[in-house]
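As structure tokens, the structure follows; a few thoughts come after it.
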Amino acid sequence: EPKPAKLWAEREISICDEYVMPLLLYQGLCQRGWAIVQQGDLAGGIADMEEGVAHIRESGSEMGLPYFIALLGEAYAMAGNHEAGLAQIDDAIATARQTGADFGYSEMLRLRGELLLSGEAPAPDDAASCFASAIDAAHRQKAPMFELRAAVSLAKLHAAQGRHDQIRSLLAPLYERFGEGFDTPDLRDAKALLDPRA
């Protein structure tokens, strides 16, 4: 949810600046940049994200770095630089595997799948494989929202391929785990796929 994410990121940046916590400040810069990109200011958001990633790299810390690199890749693709976006996400996945810093690993795989679908030469089979791996990774990490998000991406691919019979068996068990948050984008997307007439 970009609007509240931007507000929280700005608060994080302010507090970290005041109390001299540079690593968390630059993570906040990445988060704010992502939110700005999602709200339509691609250049401004990418500039924040590039600055944040560069400073995190310079610090020598790996905390959160692969995830932020993947989000930067998504932003590059949104700005029309699909090849650079995919390269960033591949770098993020490789870094996470190498260092074990796998927070958001399933989201990195999901984003890779999305970019494989959106390029000049869509690769639906490779994308489906990424989505399936993302679902498995999220399940292993006990991250139900990331698991649902990856399943929604796979269900959308199934819908585009006319494989509607697979959507319910994929999404229903995941959706039914939730007892709240039904107004969040991920749960709304899942509901729309489960009941397209609603």
Side-chain angles (χ1 to χ4, degrees), residues 1-9 11-12 27-28 30-42 45 49 64 66-78 85-86 88-89 92-93 96 102-118 122 124 126-161 163-198:
E1 297 183 55
K3 189 174 180 179
K6 182 174 181 278
L7 293 174
W8 282 104
R11 186 172 178 195
E12 177 183 3
Q27 288 182 347
C30 289
Q31 293 161 356
R32 183 180 73 184
W34 174 86
I36 290 170
V37 164
Q38 298 302 313
Q39 291 178 312
D41 180 0
L42 298 173
M49 294 175 83
Y67 183 66
F68 294 126
I69 293 171
L71 295 181
L72 180 58
E74 176 191 31
Y76 284 163
M78 290 173 68
L86 200 52
Q88 288 290 315
I89 290 173
I93 290 169
D102 60 359
F103 166 77
Y105 185 66
S106 63
E107 183 67 356
M108 296 175 216
L109 293 168
R110 188 193 72 80
L111 288 173
R112 186 174 199 284
E114 293 290 353
L115 265 62
L116 289 171
L117 288 176
S118 65
D126 292 340
S129 179
C130 284
F131 297 147
S133 295
I135 292 166
D136 289 342
H139 185 75
R140 283 193 312 275
Q141 291 184 329
K142 297 183 178 13
M145 192 59 84
F146 280 147
E147 188 176 358
L148 179 72
R149 185 177 295 167
V152 164
S153 288
L154 183 55
K156 286 179 180 177
L157 177 57
H158 288 334
Q161 294 173 329
R163 297 163 60 190
H164 300 282
D165 55 318
Q166 296 186 24
I167 294 172
R168 178 155 294 284
S169 62
L170 173 66
L171 283 182
L174 298 173
Y175 184 82
E176 289 166 4
R177 287 191 211 162
F178 291 88
E180 61 183 352
F182 295 106
D183 59 339
T184 60
D186 293 316
L187 286 166
R188 285 196 315 259
D189 286 349
K191 176 72 171 168
L193 286 159
L194 285 166
D195 189 3
R197 295 163 297 187

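Values below: all heavy atoms of this structure, side chains included; hydrogens, waters and symmetry mates excluded. What you are looking at is a predicted structure, and each value in this text was computed from that prediction instead of being measured.
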For Phe182 and Tyr175, run ring-ring contact (aromatic ring centres under 6.0 Å, His included): C-alpha distance rounded to whole Å, both residues' side-chain angles, the deciding distance at 0.1 Å, then the answer.
CA-CA 9 Å; Phe182 295 106; Tyr175 184 82; 5.6 Å; yes

From Leu148, Val152, Leu187, residue fulfilling side chain to side chain contact (heavy atoms under 4.5 Å, CB included) relative to Leu174
Leu148

I need the Cys130 SG to Leu117 CG distance, nearest 0.5 Å.
9.0 Å

Do Val37 and Leu71 make a side-chain contact, defined as non-hydrogen atoms from C-beta onward lying under 4.5 Å apart?
no

Could you tell me which non-hydrogen atom of Phe68 sits nearest to which non-hydrogen atom of Cys30, and how far apart they are?
CD2-CB, 3.5 Å

With rounding to the nearest 0.5 angstrom, report the CG to CE distance, Leu72 to Met49.
5.0 Å

Please determine whether side-chain contact (heavy atoms from CB on, under 4.5 Å) holds for the pair Ile93 and Tyr105, giving the CA-CA distance in whole Å, both sets of side-chain angles, and the decisive distance to 0.1 Å.
CA-CA 7 Å; Ile93 290 169; Tyr105 185 66; 4.0 Å; yes

Reported OH-to-CD distance for the pair Tyr67 and Gln27, which is rounded to 0.5 angstrom:
11.5 Å

Heavy-atom closest pair (Leu171 atom, Leu194 atom, distance to 0.1 Å) is CB-CD2, 3.8 Å

Using every non-hydrogen atom in the two residues, find where Phe103 and Met108 come nearest and quote the distance to one decimal.
O-CE, 3.4 Å

In this structure, are over 12 heavy atoms from other groups packed under 6.0 Å from Arg11 atom CZ?
no

Within this structure, what is the CD-CG distance for the pair Gln88 and Leu115, rounded to the nearest 0.5 Å?
11.0 Å

What donor-acceptor contacts under 3.5 angstrom involve side-chain atoms of residues 136-146, with partners at least two apart or in another chain?
from   : atom 1 : to     : atom 2 : distance (Å)
His139 : ND1    : Glu147 : OE2    : 3.4
Gln141 : NE2    : Asp102 : O      : 3.2
Gln141 : NE2    : Asp102 : OD2    : 3.3

Applying salt bridge (charged side-chain N to carboxylate O under 4.0 Å, His left out), can you list everything that pairs with Glu12, at least two apart in sequence or on another chain?
none

Considering all heavy atoms, the nearest Leu116-Ala127 contact
CD1-N, 4.0 Å

Could you give the distance from CG (Asp126) to CZ (Arg112), rounded to the nearest 0.5 Å?
7.0 Å

Tell me the closest heavy-atom pair linking Pro4 and Glu1, and the distance in Å.
CD-O, 3.3 Å

Any Leu193 side-chain heavy atom under 4.5 Å of His158 side chain:
no

Does Glu74 reach the side chain of Gln38, with side-chain heavy atoms less than 4.5 Å apart?
yes

Closest approach of Gly45 and Ile36, non-hydrogen atoms and distance?
N-CG2, 3.5 Å

Quick one: ring-ring contact (aromatic ring centres under 6.0 Å, His included) partners of Phe178, sequence neighbours excluded?
none

To the nearest 0.5 Å, how far apart are CG in Leu86 and CD in Glu114?
12.5 Å

